[in-house]
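Only this structure's heavy atoms are used, side chains among them; waters, hydrogens and symmetry mates stay out. Here is the naming used below: chain letters follow the sequence lines, and residue numbers restart at 1 for every chain.
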Amino acid sequence: MNAFRLAGDMTHLLSIILLLLKIRATKSCAGISLKTQELYVIVFMSRYLDLFRTYYSLYNSLMKIIFLGTSMCIVWYMRSHKVVRQTYNNDEDTFRHFFLVLPCFVLALLVHRNFTFIEILWTFSLYLESVAILPQLVLLQKSSNIDNLTGTYVFLLGAYRGLYLFNWVYRFFTENHRVRWIPWLSGLIQTAIYTDFFYYYIRSWKNREKLKLPA
Amino acid sequence: EVLHEPKDEL
């Protein structure tokens, strides 16, 4: 495993830890999109189906279990925890899952490498992950008060796939793999969606201002 | 040549 990949995974892990920390410490999920979190549960469930079928490494299996467990834990907090759920921005988190899940599933049925159950779900998970942040970004645009933890959470979540792009470039030149259009393009689109957010996040950090996204 | 895509990533 190269440094980009490890940095990407650690960034991803850190973003989740930060979100759980925010929820547990402040007993609030204000500014967090339940839609995005639920999409992540779908992403992880469809991608990590191979968890009990193919063994890669202890690291790989552990990380998959952590991502599955924490994503479900976050959704549980937002939906069922009696204090946390009252802080959820129900009225502003209006993006519909359906409009992302259905097109991604149809696309996975049309564009994939092999027509097998596992492969279609794996492809679907990559397509869905690339757009899963959209409800969160829409919610942030509507929020006038984005707290630091939420801003940094989204930043780390975006940076993770960006680091994977470097990892893919590195692997392409150092390993004997073929061109992998599906993860590469999905990852590129995923990172591109964050571009605007990155710009405003870094600007607010440099100027020591509160983060605010233009509507 | 590797026949299948490596799915060793997360």
Side-chain angles (χ1 to χ4, degrees), chain A residues 1-2 4-6 8-13 16 40 43-44 47-51 53-57 59-68 71 112-114 116 118-119 121-123 125-126 129 160-161 163-165 167-168 170-172 175-184 186-187, chain B:
Chain A
M1 181 160 56
N2 62 68
F4 300 116
R5 159 78 197 282
L6 185 65
D9 286 350
M10 289 306 115
T11 311
H12 195 183
L13 192 61
I16 293 170
Y40 269 111
V43 165
F44 293 144
R47 189 174 312 162
Y48 298 158
L49 261 184
D50 68 343
L51 183 61
R53 218 179 65 133
T54 323
Y55 178 80
Y56 295 100
S57 64
Y59 171 84
N60 196 283
S61 302
L62 264 179
M63 290 294 267
K64 285 176 178 174
I65 293 168
I66 290 173
F67 288 148
L68 274 168
S71 62
H112 51 259
R113 186 149 255 179
N114 299 305
T116 62
I118 294 264
E119 190 73 22
L121 280 181
W122 180 79
T123 311
S125 82
L126 284 167
E129 186 188 352
Y160 127 76
R161 215 54 175 173
L163 287 162
Y164 257 70
L165 295 178
N167 155 56
W168 290 325
Y170 182 87
R171 290 189 80 172
F172 179 75
E175 291 173 27
N176 190 21
H177 290 315
R178 293 189 299 190
V179 177
R180 303 169 60 209
W181 290 117
I182 291 174
W184 289 356
S186 312
Chain B
E1 196 199 355
V2 179
L3 286 178
H4 298 286
E5 287 197 65
K7 294 208 173 40
D8 54 352
E9 289 175 348
L10 297 164

**Q.** Test side chain to side chain donor-acceptor pair (under 3.5 Å) applied to A/Y40 - qualifying residues, sequence neighbours left out
**A.** none
Q.
For A/R161, give me all partners under side chain to side chain donor-acceptor pair (under 3.5 Å), at least two apart in sequence or on another chain.
A.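 Result, side chain to side chain donor-acceptor pair (under 3.5 Å) vs A/R161: none returned.
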Q. Are B/D8 and A/R171 ion-paired here, with the side-chain N under 4.0 Å from a carboxylate O?
A. yes
Q: Could you pull out the closest heavy-atom pair between A/R113 and A/I182, with the gap in Å?
A: N-CD1, 4.1 Å
(Q) Shorter than 4.5 Å, heavy atoms on both sides: which option in A/Y160, A/F67, A/Y164 has the most such pairs with chain B? (A) A/Y164
**Q.** A/F44 portion near chain B, given a 4.5 angstrom heavy-atom threshold
**A.** neither
Q: Select one option (side chain, backbone, both, neither) describing which atoms of A/D9 are under 4.5 Å from chain B's heavy atoms.
A: side chain
